[in-house]
There are 2 protein chains.
Amino acid sequence: MKSIKVKCWIETNGDKLYGPGPHELLRNIKAEGSLSKAAEKMQLSYRKAWDIVQQLNKHSEEPLVILRKGGKTGGGAEVTIHAQEVMEAYNKLQKKLQEVTKEEKQLLKILN
Amino acid sequence: MKSIKVKCWIETNGDKLYGPGPHELLRNIKAEGSLSKAAEKMQLSYRKAWDIVQQLNKHSEEPLVILRKGGKTGGGAEVTIHAQEVMEAYNKLQKKLQEVTKEEKQLLKILN
DNA sequence: AAGCGTTATGTATTTAAATATATATCGGAC
DNA sequence: GTCCGATATATATTTAAATACATAACGCTT
């Protein structure tokens, strides 16, 4: 019925840089090899997905996503090793936070 | 420059029940003794604040906020003891989560 | 050179959230 | 019984976010 949710993200100068949305997008890009397919998979407009990628690459010294256009496949999207490190670290952090909320049942009890 | 943010809230049947917004509202109600003043203090429309209070009371067996109209003061808002327990439990949880993010600097390092 | 599947990007439209506005109600004080 | 300061609530307006749409560019393949 009632449940505790937790969410974490990284901000830079007050605007959101990396969070659940970008994280899912990176996972999808890795799985699909295509930005448009990745966006579709999570019911996100291509435009928005593209914006997210620009934001990510803009605020990281090394690029997180490499986009290519043309070629025999028409183009594609690739998640860099660097990005995969970010994803893994984010996963770990999320897991830690989840564990804290699992221990904490008091709030739910009080609200009944 | 870059920083990790964390947020927790309670959902019931998929919609948000208690989180940073309601929490701040309760604090303000407690300080002001008035829903309209509490809303104003956090730059929230009275309408929205009132809706939040309805939502909170609707989903908790015991009411969290008591609203009164009329009388010598014109009316007022009061945070119940029950609500104060919720607030305290929420504060504790948030503090715990904050500590986890403080330990976790790896993500920031990777994103540089 | 035409066709393809993708990325690239500006602009228009839609959608949802929040706010603003207006009016009613309550109950004590005078 | 009128005024006051608060809550109560419907409706209209504004705002911001997301989406939709349109078009161009790219580079390989044929």
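These numbers come from a predicted model, not from an experiment. Order of the sequence lines fixes the chain letters, A, B, ..., with proteins taken first and strands second; residue numbering starts at 1 for each chain.
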Exercise. Between atom CZ in B/R47 and atom C1' in C/dT19, what is the gap in whole Å?
Worked result: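 Those two atoms, CZ and C1', are 11 Å apart.
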For this session: Write down the distance between CG (B/L44) and C1' (C/dA20), rounded to a whole number of angstrom.
Result: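 In whole Å, C/dA20 C1' and B/L44 CG are 13 Å from each other.
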Exercise. Can you check whether B/C8 reaches B/L97 side chain to side chain, under 4.5 Å on heavy atoms?
Worked result: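 Yes, at least one pair of side-chain atoms sits under 4.5 Å.
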Exercise. Going 5' to 3' along nucleotides 2-8 of chain C, which nucleotides have protein heavy atoms under 4.0 Å from the base (write B), which only from the sugar-phosphate (write S), and which from neither (write -)?
Worked result: ---BBBB
Are any side-chain N or O atoms of [X] and backbone N or O atoms of [Y], one a donor and one an acceptor, separated by less than 3.5 Å?
X      : Y      : value
B/H82  : A/I110 : yes
B/T80  : B/L64  : yes
A/T101 : A/Q98  : yes

Exercise. Crowded around A/K41 NZ? As in, over 12 foreign heavy atoms under 6.0 Å?
Worked result: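 Atom NZ in A/K41 is crowded, with more than 12 foreign heavy atoms closer than 6.0 Å.
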Exercise. Would you say B/E88 has more than 12 foreign heavy atoms packed within less than 6.0 Å of its CD?
Worked result: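 Atom CD in B/E88 is not crowded, with 12 or fewer foreign heavy atoms closer than 6.0 Å.
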For this session: Would you please say whether a donor-acceptor pair under 3.5 Å links the side chains of B/Q55 and B/K16?
Result: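 The answer is no; no qualifying pair exists.
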For this session: Answer with base, sugar-phosphate or nothing: what part of the nucleic acid does A/Q43 contact at a heavy-atom distance below 4.0 Å?
Result: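 Sugar-phosphate, no base atom in range.
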For this session: Taking heavy atoms of chain A and a 4.0 Å limit, find me the 5'-most and 3'-most nucleotide of DNA chain D within that range.
Result: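 Contacts span D/dA18 to D/dT29, reading 5' to 3'.
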Exercise. Do A/K48 and A/W50 meet the cation-pi criteria used here (NZ or CZ under 6.0 Å from the six-membered ring centre, within 45° of the axis)?
Worked result: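 A/K48 over A/W50 ring: no.
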